[in-house]
Each structure stands twice: as structure tokens, then as C-alpha cells.
Engineer: 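I have a structure I would like to understand better, so I am pasting it below and will then ask my questions one at a time.
Side-chain atoms are counted along with the backbone in the values below, which use heavy atoms only and exclude waters and symmetry mates. Residue numbers start from 1 in every chain, and the chains themselves are labelled A, B, ... in the order their sequence lines are given, proteins ahead of strands.
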Amino acid sequence: MIISEMQSKLATWSTENEERKFDRLIRIIADRSWLSEAARITLTSSGARTPGVDGIDKRRMEAMLDLELETLRYELLTGNYCPQPARRVYIPKANGKLRPLGIPCLRDRIVQRAMLMVMEPIWESDFHPVSYGFRPARSVHHAIRTVKMQLQDGNEQTNSTAGRWVIEGDLASYFDTVHHRLLMKAVRKRISDQRFLSLLWKMIKSGCVDHGLFRASSEGVPQGGVISPLLSNIMLHEFDQWMEAKFLSKKVRKDRWAWNFGIQNKRPIAIRENRQWKPAISYCRYADDFVVVVKGTKAHAEVVREACREFLEVKLKLTLNMDKTHITHVNDGFTFLGYRIIRKRGSRGRMRPVSSIPWEKYRRFTEKLVKQLSGNYGMNRMDFVESLNRQLAGWANFYQYTDHTATIFSKVDRTVFWKLGYWLARKYKRGFRSLMREFVRSPEKGKAKIWILQGQNSRGFYGTLALRRLITSRKRWFTWRNPEENPYILRSEKRRTVESYFDEVAFALSNT
DNA sequence: CCTCTCATGAC
RNA sequence: CUUGUCAUGAGAGG
């Protein structure tokens with residue numbers, strides 16, 4: 001079985017028929033090549049060396065892989081497969097609290113990966129265009145760009161009193177509170193294969209082992225499970241659909257326009273019935289984090305928030321954290337997906353949404369670097385600068401589409417410059433000034449000066465190395481993807497041309 | 001086209 | 001001692 005072709009078929013079928021329920025999926029995931037691909041991905045992931053409760057790590061799994069996959073295949077087809085409980089580990093979160101992880105053992109991760117490989121192509125056709133979390137070909141940047149566009153003044157009609165209010169949705173410990181029966185109900189909308197469904201049921205019911213004690217799971221999906229992100233999207237897709245039907249669809253917008261038009265033109269019936277202006281709504285979701293933009297009054301926003309709360313609580317058995325679900329005016333700014341977004345007056349007097357790096361993120365990053373620069377005196381200097389450069393490059397890369405980075409970037413540059421100077425001075429017991437005279441130079445003519453070191457790194461490479469400056473990091477053009485398209489659907493024509501092209505290249509190379 | 005290393009970020 | 005999904009960048013090799 002060719003995996004990409006099978007996934008393309010599943011994606012096409014679910015796109016073409018939105019009612020279609022898939023049967024005999026267990027036969028696909030029990031396929032030899034399917035399972036071995038799932039195993040390959042699982043074993044090449046960075047967490048593969050961390051075992052589950054059975055203590056089997058990457059090395060041991062690789063040693064008996066063929067036999068293990070045959071066993072899995074047999075157990076899956078006969079329905080004897082039984083997932084083991086996850087190993088519970090607590091890791092600290094940014095806010096100081098602990099995050100409970102459930103680490104399944106490797107064979108369970110392989111099976112979950114096989115399930116993911118079959119489920120994701122199907123649901124990708126269903127998911128809402130403004131849902132961005134955990135989905136292929138979609139990123140934080142797409143979500144941020146979407147929200148910024150929604151905040152732009154434009155086409156949508158507003159009355160003179162309409163402002164823009166933002167609801168920052170926050171679900172209380174979402175992964176741990178997913179309702180099992182409701183989740184299965186959502187899954188059954190697309191899957192009719194009883195064996196597959198009972199496998200999934202066993203999976204979410206398998207519980208965990210905490211401090212050597214087994215604990216059954218009455219609700220929630222394991223944080224650490226391969227399919228958990230997809231399951232969270234399947235559950236919250238119900239919320240997306242409700243939002244779509246209630247606030248976002250073409251029909252709703254048309255009706256709202258007619259309604260507001262009636263009020264605007266002071267139709268007697270509108271006045272007599274004391275009709276209220278209806279606000280325009282837009283919405284964007286990233287996993288359990290979502291933003292609703294209300295073009296109206298704060299009271300309008302409060303009504304919308306209450307409606308969301310009620311739906312989530314009654315229909316999905318999820319609790320919206322009301323303390324953290326703020327309603328803020330766009331001009332006061334809000335935080336979403338690690339960005340601060342605020343509407344400001346632009347150059348030509350027009351209000352424009354801009355994004356910037358939140359102070360807290362800047363502080364955390366420099367703190368991390370300063371901590372490294374206040375120790376590690378035994379480290380090879382070239383290795384150390386290489387490591388710093390990689391971290392600086394990665395950070396700048398994430399914020400490359402942000403609007404006002406210059407001040408923050410130069411602040412980071414300055415602290416790293418000085419702290420690296422002190423680091424060198426202490427390591428080599430030399431004066432700061434003499435080090436500067438010797439090693440602070442311009443990388444090129446006209447460029448600002450920076451530490452330029454030469455020497456040999458631990459891998460034996462000899463050369464010169466300049467400390468990276470964030471301020472010079474370039475901004476690339478942002479590329480959109482088609483939000484309606486299922487990325488699993490292979491475009492046969494394009495694919496053929498690409499394949500033939502690479503066949504020719506391969507042929508040409510093999511002949512030289 | 002493939003393999004691998006390292007890094008960043010969101011949740 | 002830290003799992004998972006997704007995105008992105010840099011580099012090395014075939």
C-alpha cells in the first residue's frame with residue numbers, strides 16, 4: 001500500500017461526501033507498510049528514547065521491530081490489542097505550575113500514530129478554515145495574520161457606535177476534561193468501523209500510572225498521546241460548527257445585514273419592536289485558545305461570551321475559564337499565541353492592527369541567555385558562540401513577521417554583547433578592553449561591530465565566527481496557504497510533473 | 001528526492 | 001529525568 005496515495009483517497013472521499021462514514025479502517029492501520037511507517041516516524045522522533053510503563057526504549061524496540069509489528073498486526077485484526085496505561089510525569093510550566101504528562105509506551109505510540117495517519121486526512125476536510133492548532137500546513141503565523149485581518153477596518157458594515165471588542169477564550173485544563181462519550185459521538189460522525197471505534201475507546205480509557213499507582217481515566221485525553229491533539233480538534237470542531245452556524249455563515253451575515261439595514265432606515269416595525277443592532281462577529285481558534293472579535297458594544301461582546309460559555313458547558317461539558325476570558329477593546333491590546341496585538345494609528349491616520357513581542361517573552365528569553373552566559377566557563381568558546389547563535393537565530397525566526405521588533409532586538413543584542421564580553425574576560429582572565437580591541441570588529445564594511453572569535457570547535461573545525469546580531473535578521477515575505485484545501489489531497493497532474501522531473505534528475509545523477 | 005543534526009515557537 | 005502534534009529556520013551528509 002502506498003501511504004500517501006491512501007491518505008489522498010481518504011481525504012478526497014471525505015471532501016466529496018461530507019456525510020460519508022468510513023468503515024474497515026482497521027484493515028488500513030493493520031497493513032504492514034502502514035504499521036512500519038508509523039513505527040519509523042515514532043522511532044525517529046526525539047522522544048523515542050523515553051520509554052513508557054513497559055520500559056521498552058528505542059533500542060529494544062528496534063531490535064525486535066519486525067516481530068513486534070507482526071504481533072501488533074495480529075492483535076489489531078483480532079481485536080485483542082490492549083493499550084497499556086501511560087506513564088505519568090510532571091513537568092513545570094512557564095507560570096510555575098505543573099503540567100501532567102501521560103507518556104504511552106512505544107508500541108502504543110506506534111498504534112496511535114497509525115490511527116492518526118488514517119484519521120487526520122479524513123477530518124482535515126471537515127475542519128473549519130479558521131482553526132489553526134495542530135493542523136498540517138498551518139501555523140501560529142497564519143492564525144495571527146487571520147486575526148489581524150479580522151481587526152482591519154473594512155468591508156463589514158458598522159454603525160457609528162460600533163467599536164471592536166475582543167474576547168480571549170480560555171478553556172480550563174482542556175486536555176484533562178475532554179468528555180469521553182461526547183468525543184466518541186463526534187468521532188462516529190465519520191467512522192463506522194466498530195473495531196476501530198472500540199480500539200479508540202480502549203485507548204482513551206487506558207488510564208495512567210502515577211507514582212506506581214494505576215489510575216483510571218474517567219475523562220480527558222493523555223497529554224503526550226499521539227492522537228490527543230487531533231482528538232482535541234475533533235471535539236472543538238463542534239464548537240467551530242456552532243460558531244459558524246450562529247455567527248459566521250453567509251446566511252447569518254445576510255440576515256444580520258437586512259436586520260441592521262431596517263434599523264438604519266428607521267423602518268417603523270424596527271422602531272416599534274425596539275430592535276437592537278446586531279454586531280458582526282469573527283472568530284479564530286488555535287487548539288483550546290480562541291479569539292472572538294465583536295464589532296459592536298461591550299455589552300454585545302458580553303452576550304456573545306455568555307452564549308459561548310453556555311454552549312461549551314452544556315453541549316461539550318467544557319468549562320470556559322471566566323476569570324481569564326477577558327473582553328478587551330482592540331485599542332487596549334491583547335495577547336494571543338505569544339504575540340501582543342493592538343490597534344494603533346498608522347502613518348496616514350488610519351487605525352491599523354500591529355503585533356509586537358510581549359515584554360514577558362523578551363524577559364524570559366534574555367534571562368535564559370544570561371543564565372548560560374553566567375556560567376559554562378569550561379565550555380569551548382566556538383561551541384558556545386555557535387550554540388548562542390542558533391538560539392538567537394531561532395528566536396528571531398519566530399518573530400520575523402512581527403511589526404516592531406527593532407527596540408527589543410537591539411536590547412537583546414546589547415545584553416548578549418556585554419555578557420559575552422564578561423564571559424570571555426572571566427574565562428581567559430583578561431581585561432575587557434584588551435579583549436574588545438582584539439576581537440570586536442565589523443564583520444563587513446559599514447556593519448556594526450560585534451565579537452568575532454577564531455579558533456577550533458570541539459568537532460575539529462577551525463575558523464572565525466561572529467556573534468549573531470538580531471537587529472540585522474531579515475524579514476521574509478509571508479506566504480499564505482489555501483485555507484480551504486485538504487493538504488493530503490495529491491494534485492495528480494502537478495505530482496506527475498514533479499515526479500518526472502526528479503526521475504530525470506536522479507537518472508542524470510546516476511549516469512555521472 | 002532522501003537521511004540526519006541543531007534551534008525557535010504555539011498549544 | 002520532558003511526552004505529543006504542528007509550523008519554521010540554519011547547517012551537515014547521501
Engineer: Within the 4.0 Å heavy-atom criterion, would you say A/Arg99 contacts the bases, only the backbone, or no part of the nucleic acid?
Structural biologist: nothing
Engineer: When you compare B/dT8 with C/rC1, how far apart are their C1' atoms, in angstrom units rounded to a whole number?
Structural biologist: 23 Å
Engineer: Looking only at side-chain atoms of A/Val140, point me to the closest of B/dA10, C/rU3, B/dT3.
Structural biologist: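 Taking heavy atoms from C-beta onward, the closest nucleotide is B/dA10.
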Engineer: Kindly indicate whether a cation-pi arrangement holds for A/Arg138 with A/Tyr132, taking the cut-offs as under 6.0 Å to the six-membered ring centre and within 45° of the axis.
Structural biologist: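 Verdict for A/Tyr132: a cation-pi partner in A/Arg138.
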Engineer: Mind checking A/Ser45 for me? I need base, sugar-phosphate or nothing, with any heavy atom below 4.0 Å counting as a touch.
Structural biologist: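 Result for A/Ser45 = sugar-phosphate.
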Engineer: Assign each of A/Ile103 and A/Ala137 to its nearest nucleotide of RNA chain C by heavy atoms, then name whichever residue's nucleotide is nearer the 5' end.
Structural biologist: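 Its nearest nucleotide lies further toward 5', so the answer is A/Ile103.
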Engineer: Answer yes or no: side-chain N or O of A/Asn397 and base N or O of C/rU8 forming a donor-acceptor pair under 3.5 Å.
Structural biologist: yes
Engineer: Which nucleotide sits closest to the side chain of A/Ile91: C/rU5, C/rU2, B/dA10?
Structural biologist: C/rU2
Engineer: Quick one about A/Asp210 and A/Tyr90 (side-chain donor to acceptor, distance below 3.5 Å, no hydrogens or angles considered), yes or no?
Structural biologist: yes
Engineer: Under the 6.0 Å and 45° cation-pi test, does A/Arg145 pair with A/Phe478?
Structural biologist: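 Here A/Arg145 passes the 6.0 Å and 45° test against A/Phe478.
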Engineer: So A/Arg468, base contact, sugar-phosphate only, or nothing? Heavy-atom distance under 4.0 Å.
Structural biologist: nothing
Engineer: Expressed in angstrom and rounded to an integer, what is the separation of A/Leu388 atom CG from B/dT8 atom P?
Structural biologist: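 Result: 11 Å.
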Engineer: Starting the side chain at C-beta, find the nucleotide from B/dG9, C/rU3, C/rC6 nearest to A/Glu120.
Structural biologist: C/rC6
Engineer: Report the nucleotide, chosen from C/rG4, C/rU2, B/dC11, that has the shortest atom-to-atom distance to any side-chain atom of A/Thr50.
Structural biologist: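 For the A/Thr50 side chain, the nearest candidate turns out to be C/rU2.
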Engineer: Which base sits across from C/rC1 as a Watson-Crick or G-U pair, both distances under 3.5 Å?
Structural biologist: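 C/rC1 is unpaired by these criteria.
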